Trainee: 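Sharing a structure below in structure tokens format, with a few things to ask.
In what follows, chains carry the letters A, B, and so on, assigned in the order in which the sequence lines appear, proteins first and then strands, with residues in each chain numbered from 1. No experiment lies behind these values; they were computed from the predicted model shown.
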2 protein chains.
Amino acid sequence: MAKKPGAREDALPAIAEVFREYGYEGASLALIGARTGLGKGSLYHAFPGGKAEMAEAVLDAIGAWFEDKVYAPLRDDPDPRAAIRLMLSETDAYFRSGRRICLVGAFALTEGRDGFADRIGGYFRDWREALAQALLRAGRPEAEAESLAEDTILAIQGGLVLARALDDPAVFGRMLGRLEERLVS
Amino acid sequence: MAKKPGAREDALPAIAEVFREYGYEGASLALIGARTGLGKGSLYHAFPGGKAEMAEAVLDAIGAWFEDKVYAPLRDDPDPRAAIRLMLSETDAYFRSGRRICLVGAFALTEGRDGFADRIGGYFRDWREALAQALLRAGRPEAEAESLAEDTILAIQGGLVLARALDDPAVFGRMLGRLEERLVS
DNA sequence: GATCGTCTGTACCGATCGGTACAAACAGCA
DNA sequence: TGCTGTTTGTACCGATCGGTACAGACGATC
């Protein structure tokens, strides 16, 4: 007993940041060790599966955060339009107004569908479905709700790519503004 | 003299494909050698700068292709709407209807702005400006042309991310359809 | 056929990769 | 204070990384 209650969870944000900055391949254990302040011993004690398990844990944590803060309100909030507005503001905050990339999107583009494909797909599928449901509840016809939801998720991802590529975070904010107009007219 | 006229250019598509599949870090020289059929000797003869020069050459080739097939028509075609439709069909073909990712976008997300930042930024900047000009020539007000152009580039990138993440290329086709409606109503 | 510069396969370099082994340090409990 | 199990730093492993050196094969020119 007396397990390590925090150790793992405490290290996750730092590990996530390393993956974000260097990608899965580029994130070396030396780098992760330095940024978490943990030696290899501690790292492998907390994540016996090594780098792959760290990545899985990070993806799970991200998924859980979005489920809690974004997807659940989209599905359950009695006021779907408020939930959509909340989604936009939480998204803006999470991605630091375009200064931070989406790790899940980056993994989708670069990782050769290792063990991560399920988690990556699930993250976007859940988001799309929750948003489509909110739009439906807000009175949109089903077909329109679904294509609008897909367009939204994809615009957010594209906005992050473009903001990063142009080194201009403002791209992300402009995109969110246009989205708000289309979503909650 | 009697330079190597083809060697370099011949190898570029194969090298690009390796970068696309494995990312910059993940693309090892062993892998590149195997896929091009070239030994290290030949590889370093054609690209004295090593992996970095290969990546630069690949990015340059991609940029030149888009300049020729997409940006120039957007700027110069007397019929801007036809140029926009051409852009959509060339884009669909280039990205194999969502089965192929954008190397420039992938580099933007993962590479730590090495020497590639200029090329990456230029690719998207040129695209956005050429499209905005075509929309302007097609009769749109300037502000609308610019935000629509930005939305379009970003949607294409996001469409590639989402298609890959969901392992469903059809996402890309649906997005292009919606874009066509918004661009050439 | 001899010559000369261009190509290319192979061996090799030090550095670093992800991962393992293990002993010392440390806690909690008596 | 002794014991017990967890947590840690360190040394080490084989493999592979990007890159270099170089000798021999090649192809053109006379």
Trainee: Checking F95(A) now: which residues fulfil ring pair (Phe, Tyr, Trp, His ring centres under 6.0 Å) with it, not counting sequence neighbours?
Mentor: none
Trainee: Scan nucleotides 11-20 of chain D nucleotide by nucleotide, 5' to 3', and note B when protein non-hydrogen atoms come under 4.0 Å of the base, S if they reach only the sugar-phosphate, - if neither.
Mentor: ------SBBB
Trainee: Contacts to DNA chain C from residues 32-39 of chain A, heavy-atom cutoff under 4.0 Å, which residues?
Mentor: none
Trainee: What closest approach, in Å, do A52(A) and F116(A) show between heavy atoms, and which atom pair accounts for it?
Mentor: O-CE2, 3.9 Å
Trainee: Report yes if the side chains of R125(B) and R128(B) come closer than 4.5 Å at any heavy-atom pair, otherwise no.
Mentor: yes
Trainee: Look at the side chain of R137(A) and the backbone N and O of D77(A), then say whether any donor-acceptor pair between them is shorter than 3.5 Å.
Mentor: yes
Trainee: Looking at the side chain of H45(B), which of dG9(D), dC7(C), dT6(D) is the nearest nucleotide?
Mentor: dC7(C)
Trainee: Taking the side chain as every heavy atom from C-beta outward, state whether I156(B) and L179(B) have any pair of such atoms under 4.5 Å apart.
Mentor: yes
Trainee: Among T152(A), T91(A), V104(A), exactly one meets side chain to side chain contact (heavy atoms under 4.5 Å, CB included) together with W127(A). Which residue is that?
Mentor: T91(A)
Trainee: Tell me the closest heavy-atom pair linking P169(B) and R99(B), and the distance in Å.
Mentor: CG-CG, 3.7 Å
Trainee: Cluster question for you: counting only ILVMFWY and a side-chain heavy-atom cut-off of under 4.5 Å, with indirect links fine, are L86(A) and V70(A) together?
Mentor: no
